[in-house]
Amino acid sequence: MPNVIEITDFSAPELDVYARLTEAQLLHCYEPKGGLFIAESPNVIHRALDAGCVPQSLLLERRHIDGQAREVIARCGDIPVYTSEPEILTQLTGFQLTRGVLCAMHRPTQPTVEEVCASARRIAILEDVMNPTNVGAIFRSAAALGMDAVLLTPGCSDPLYRRSARVSMGTVFQVPWAYLGDKCDQWPHPGLDRLRALGFRTAAMALSDNSVSIDHPDLMAEEKLAIILGTEGDGLAARTIADCDYTVKIPMSHGVDSLNVAAASAVAFWQLSVR
């Protein structure tokens, strides 16, 4: 039987993870052992469980106990299942729950760059992509279009932020990923040096006078390729572009000069994946 607890007290400390802690505060819960994150929707929760993430508690609409959350609850053992009507949960959390189910989970141990790249041939590098929606969308494209791993600079949004994980449809738990260091001064160097030591050639996605087209045969022939995408608006830093092996452009028409980073990632992954 699930451990169902009806919400009667909004100020209960066990509800802080859903109602009062920010994403950054969740990240630092239980230090030095690691923090928490919130998985939203049954699909995302299932994929997190499949990846070995450990649940702490559930928050859901009462009608979902015997409905779409039934299998999630069964997989989570005897953890607390906090529940109420949708109107109450909206007051508690400040937003409508997507598909009515949230799960607080312990953050998994983060692998190293070398571990996630051990058998990879195509990887994506995100440089300071700060929008959680874009990070989630890029992960979804990476999973669907043949990327073996994703690496992020320290300035990127956390892939386990609730919005990122939801937009990714849970693929943040399927595509291996790691941070290229924990300080901003570790990119582009020694980050690029680590990639080269692992055998990767680097392709900066940027418009410049010496860009090659994304369908250039030399790119397609590379045994191991890292596709580097820049932040929203400004794109890649000039130093990053200068230190990469290739500068790559997506041909445009109708006077359009660039695509949103998430859209550009899908085009690049499709063209440059190993098929």
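- Note: C103 SG to H46 NE2 = 10.5 Å, rounded to the nearest 0.5 Å.
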message: Determine whether N43 and S41 satisfy the following criterion, side-chain hydrogen bond (donor to acceptor under 3.5 Å, both in side chains), listing intermediate values before the conclusion.
response: CA-CA 6 Å; N43 180 55; S41 87; 5.3 Å; no
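- Note that CH2 of W177 is 4.0 Å distant from CD of Q110, once rounded to the nearest 0.5 Å.
- Looking only at distances, no side-chain donor or acceptor of S164 sits under 3.5 Å from a matching main-chain atom of L160.
- The main-chain N or O of V274 is never found under 3.5 Å from a side-chain atom of R122 such that the two would form a donor-acceptor pair.
- Checked by atom type and distance alone, the side chain of T112 never pairs as donor or acceptor with a backbone atom of A178 at under 3.5 Å.
- Remark: the backbone N or O of E223 is paired with a side-chain donor or acceptor of R121 at under 3.5 angstrom.
- Looking at S141, its side chain never comes within 3.5 Å of a backbone N or O of I138 through a donor-acceptor pair.
- The backbone N or O of A104 lies less than 3.5 Å from a partner atom in the side chain of Y18, making a donor-acceptor pair.
- A donor-acceptor pair under 3.5 Å links the side-chain atoms of T202 to the main chain of D245, judged by distance alone.
- A salt bridge links E114 to R194: one of the charged nitrogens lies within less than 4.0 Å of a carboxylate oxygen.
- Between the side chain of T83 and the main chain of L60, a donor-acceptor pair closer than 3.5 Å is present.
- In summary, of the residues considered (L152, I227, L180), a side-chain contact (heavy atoms from CB on, under 4.5 Å) with I125 occurs for L180 alone.
- Judged by distance alone, the side chains of E127 and T240 do bring a donor and an acceptor atom under 3.5 Å apart.
- Summarising the geometry, atom CD1 belonging to I38 is positioned 13.0 Å from atom CZ belonging to R166; distances are rounded to the nearest 0.5 Å.
- Between D218 and R201 there is no salt bridge, since no side-chain N of the basic residue sits under 4.0 Å from a carboxylate O of the acidic one.
- For R70, the CZ atom counts as loosely surrounded, since its 6.0 Å shell holds 12 or fewer non-hydrogen atoms of other residues, nucleotides or ligands.
- V167 and F139 fall into different hydrophobic clusters, where Ile, Leu, Val, Met, Phe, Trp and Tyr are joined by side-chain heavy atoms under 4.5 Å apart, directly or via other members.
- In summary, D257 and K249 do not engage in a salt bridge, as defined by a charged side-chain N under 4.0 Å from a carboxylate O.
- Across L219 and I214, no two heavy atoms sit closer than the pair CD1-O, 3.9 Å.
- Counted within 6.0 Å of CZ on R196, heavy atoms from surrounding residues, nucleotides or ligands total more than 12; the atom is thus considered enclosed.
- One finds the CG atom of L236 at 9.5 Å from the CG atom of D128 (value rounded to the nearest 0.5 Å).
- Using modelled atom types, no side-chain atom of R239 and backbone atom of P188 make a donor-acceptor pair closer than 3.5 Å.
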